[in-house]
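Read through the structure below, which is laid out as structure tokens, and then see the notes.
Order of appearance sets the numbers: ligands from 1, and atoms from 1 within every ligand.
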Amino acid sequence: MRLSRYYLPVLKETPAEAQIASHQLMLRAGMIRQESAGIYAWLPLGFRVLKKIEQIVREEQDRAGAVEMLMPTIQSAELWRESGRYEAYGKEMLRIKDRADREMLFGPTNEEMITEIFRAGVRSYKDLPKMLYHIQWKFRDEVRPRFGVMRGREFLMKDTYSFDADRDGARRSYNKMFVAYLRTFRRMGLTSIPMRADTGPIGGDLSHEFIVLAETGESAVFCDRRLLDLPVPGADADFDADLQPVIDRFTSYYAATEEKHDAAEFEAKVSPGERIAARGIEVGHIFYFGEKYSAPMRAMITGPDGKDRPVEMGSYGVGVSRLAGALIEAYHDDAGCKWPVPVAPFHVGLVNLKQGDAATDEACAKAYAALVAGGIEVLYDDTPARPGEKFARMDLIGLPFQLIVGPRGLEAGKVEVKRRADGRRDELAPDAAVDMVKRDVMNALKV
Ligand code: ATP
Ligand code: MG
């Protein structure tokens with residue numbers, strides 16, 4: 001992609017309304033634009049990050065055996081009356097009337113709808129287990145939308161729903177999502193900590209929030225430091241095997257959000273040197289709630305004994321759009337974003353220091369073609385801006401690699417590679433630079 005054709009409206013000043021780094025940087029780097037309180041347009045650069053996050057979430061859901069579908073954003077109030085949640089949900093629900101005066105709503109979550117879909121298609125325990133998911137916009141009329149996409153009113157969520165014949169099966173589904181979540185966040189470069197959590201309006205009796213530690217996080221959390229070093233299952237994890245040992249390992253250490261925190265237990269279980277009392281961002285939340293929806297909504301299955309019973313369910317959410325903010329909170333410095341390769345909007349920023357100089361233009365064109373042919377995503381700064389402005393902009397948008405090409409370096413047969421993560425710079429021949437960047441990007445993308 002040539003920057004001259006791209007739409008990258010970067011801001012020089014930090015917008016006054018943004019209180020935390022991720023919100024400031026998303027606005028400054030031209031990733032998002034607020035259209036109403038808590039409602040954002042995703043500009044091209046931000047949209048690429050959102051798609052990368054979404055794709056990692058999708059791949060790990062698929063790996064765990066969940067099946068993708070797409071449910072509508074607009075739902076009928078009738079469905080929510082069946083579960084009893086239409087009144088209970090309160091003001092967070094955006095209620096709408098259609099032209100025939102029918103009560104509709106913009107979905108804040110999809111338990112009711114998926115239960116309706118399931119009951120129309122499955123009757124027998126023989127058809128179970130099933131896990132279905134979609135990645136769809138939600139609307140919650142939050143009292144205090146803030147921190148940009150971290151607490152939006154309209155936000156993108158991945159939500160999975162599991163259906164099992166009995167409690168043991170439901171537990172196995174829960175464990176699959178538990179492991180899938182550990183893997184999902186790790187692939188993005190985040191260390192997530194599963195914590196005992198409240199179930200809130202979703203309901204149920206087994207629940208974990210996946211928390212990424214960050215000073216600007218909205219949740220107060222308490223956990224054992226050793227959780228940060230536990231190994232996460234690899235890409236060869238067998239989701240049909242018994243995953244309980246993995247879950248037991250993670251849940252054997254103390255970790256709880258404020259609502260579930262027990263100070264006495266914390267002090268008894270965790271030595272002072274290992275105690276973390278910090279703030280965190282909730283990037284995922286998993287629930288087992290059994291018959292909470294299937295019983296009132298009559299989603300029945302026939303068991304091996306020939307008797308009908310409500311299907312056992314769980315639901316599992318990931319804050320896809322919130323993750324864009326959470327990632328910046330984890331990866332930035334004063335100059336801007338520092339994207340990990342798997343979620344970077346482009347892998348490489350190619351900086352032409354003297355647009356219009358024949359040798360420089362040619363070397364850039366050659367490097368660009370070689371990178372693209374190698375499957376690397378390149379944003380080519382082919383604008384006439386001055387070098388200082390180009391460098392600042394590249395640092396701000398935070399692509400993992402910068403390939404810097406100028407007439408002086410070329411005379412010596414050299415270009416420069418700068419790594420945004422640690423600032424390391426290497427001067428080398430153009431072909432060698434391209435090879436190095438290709439190799440490092442590909443290594444970082446290995447799952
Ligand atoms: P929170 O406690 O942050 O309000 P929640 O517990 O109400 O979130 P869930 O119903 O568990 O949210 O939704 C699943 C995931 O969706 C959350 O873990 C979070 O990552 C994301 N999410 C929830 N609300 C928002 C929001 N207003 N803006 C962006 N992401 C959100
Ligand atoms: Mg939650």
Side-chain angles (χ1 to χ4, degrees), residues 20 22-23 26 32 34 36-40 42 46 49-50 53-54 56-57 61 73 85 88-94 106-114 133-161 174 177-178 180-182 184-185 188 190 192-204 206-214 216-221 256-260 279-289 292-293 314-330:
I20 61 171
S22 58
H23 189 195
M26 288 184 86
I32 53 168
Q34 182 175 308
S36 299
I39 301 179
Y40 291 87
W42 290 78
V49 172
L50 191 66
I53 295 169
E54 187 184 307
I56 291 174
V57 170
Q61 287 299 302
T73 55
R85 273 209 298 184
Y89 218 93
K91 286 194 157 234
E92 288 217 341
M93 180 184 277
L94 180 65
F106 195 123
T109 180
N110 284 62
E111 281 80 8
E112 283 78 359
M113 187 176 281
I114 198 75
Y133 76 99
H134 73 160
I135 302 173
Q136 176 63 292
W137 293 93
K138 306 289 188 285
F139 194 94
R140 294 182 186 174
D141 205 349
E142 302 272 357
V143 195
R144 224 149 78 84
R146 58 178 186 159
F147 300 160
V149 300
M150 295 266 243
R151 182 165 298 283
R153 292 199 295 166
E154 189 183 58
F155 60 96
L156 190 60
M157 194 203 288
K158 182 288 299 173
D159 37 325
T160 306
Y161 302 90
Y174 188 89
M177 284 297 125
F178 191 110
Y181 278 30
L182 290 173
T184 299
F185 303 126
M188 295 175 194
L190 297 173
S192 67
I193 310 172
M195 300 198 179
R196 272 195 307 229
D198 245 358
T199 52
I202 307 281
L206 174 60
S207 173
H208 286 91
E209 283 178 3
F210 285 73
I211 301 281
V212 173
L213 296 180
T216 49
E218 289 189 285
S219 317
V221 299
T257 59
E258 196 169 25
E259 297 78 31
K260 287 275 180 180
R279 303 201 67 80
I281 301 167
E282 179 192 328
V283 288
H285 197 165
I286 62 178
F287 305 87
Y288 161 66
F289 47 71
K292 182 173 153 73
Y293 300 92
S315 76
Y316 315 87
V318 168
V320 174
S321 50
R322 175 178 286 182
L323 274 162
L327 279 157
I328 299 181
E329 290 300 324

Locate the shortest heavy-atom distance separating [X] from [Y]; write the atom from each residue and the value.
| X | Y | answer |
| --- | --- | --- |
| E142 | G152 | CG-O, 3.4 Å |
| F185 | S192 | CD1-OG, 3.4 Å |
| I39 | E154 | CG2-OE1, 3.9 Å |

Nitrogen or oxygen of [X] less than 3.5 angstrom from that of ligand 1:
| X | answer |
| --- | --- |
| H285 | yes |
| E209 | no |
| R153 | no |
| G152 | yes |

- [ ] For the residue pair F178 and Y174, categorise the inter-ring angle as parallel (less than 30°), tilted (30 to 60°) or perpendicular (more than 60°).
- [x]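 It falls in the tilted class, 30° to 60°.
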
For ligand 1, which atoms have a heavy atom of [X] less than 4.0 angstrom away?
| X | result |
| --- | --- |
| V149 | 29 (C) |
| G284 | 18 (O) |
| V283 | 18 (O), 20 (O) |

Open item on the list: Heavy atom to atom 30 (N) of ligand 1, shortest distance: which of F155, F287, F139 holds it?
Closed with: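 Comparing heavy atoms across F155, F287, F139, the nearest one to atom 30 (N) of ligand 1 lies in F155.
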
Open item on the list: Please state which option from E92, M157, E142, E282 has its nearest heavy atom closest to atom 6 (O) of ligand 1.
Closed with: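 The option holding the nearest heavy atom is E282.
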
Open item on the list: One pair to check against salt bridge (Lys or Arg N to Asp or Glu O under 4.0 Å): E111 and K292. What are the steps and the verdict?
Closed with: CA-CA 10 Å; E111 281 80 8; K292 182 173 153 73; over 6 Å; no

Open item on the list: If we set the cut-off at 4.0 Å for heavy atoms, which region of E218 has an atom near ligand 1: side chain, backbone, both, or neither?
Closed with: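 Neither; no heavy atom under 4.0 Å.
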
- [ ] Output the atom name for the N/O/S atom of E282 with the smallest distance to the Mg ion (ligand 2).
- [x]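 The closest N, O or S atom of E282 to the Mg ion (ligand 2) is OE2.
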
- [ ] Output the atom name for the N/O/S atom of H285 with the smallest distance to the Mg ion (ligand 2).
- [x]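 For H285, the N, O or S atom at the smallest distance from the Mg ion (ligand 2) is ND1.
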
Open item on the list: Testing the 3.5 Å rule here: is there a donor-acceptor pair between the side chains of T160 and Q61?
Closed with: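 A donor-acceptor contact under 3.5 Å links the two side chains.
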
Task: Under 3.5 Å: donor-acceptor pair, side chain of R322, backbone of E282 - done: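 Indeed, once roles are kept as given, a pair shorter than 3.5 Å links the two residues.
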
TODO: Under the side chain to side chain contact (heavy atoms under 4.5 Å, CB included) rule, what do E218 and R146 come out as? Steps first, then yes or no, please.
DONE: CA-CA 10 Å; E218 289 189 285; R146 58 178 186 159; 2.8 Å; yes

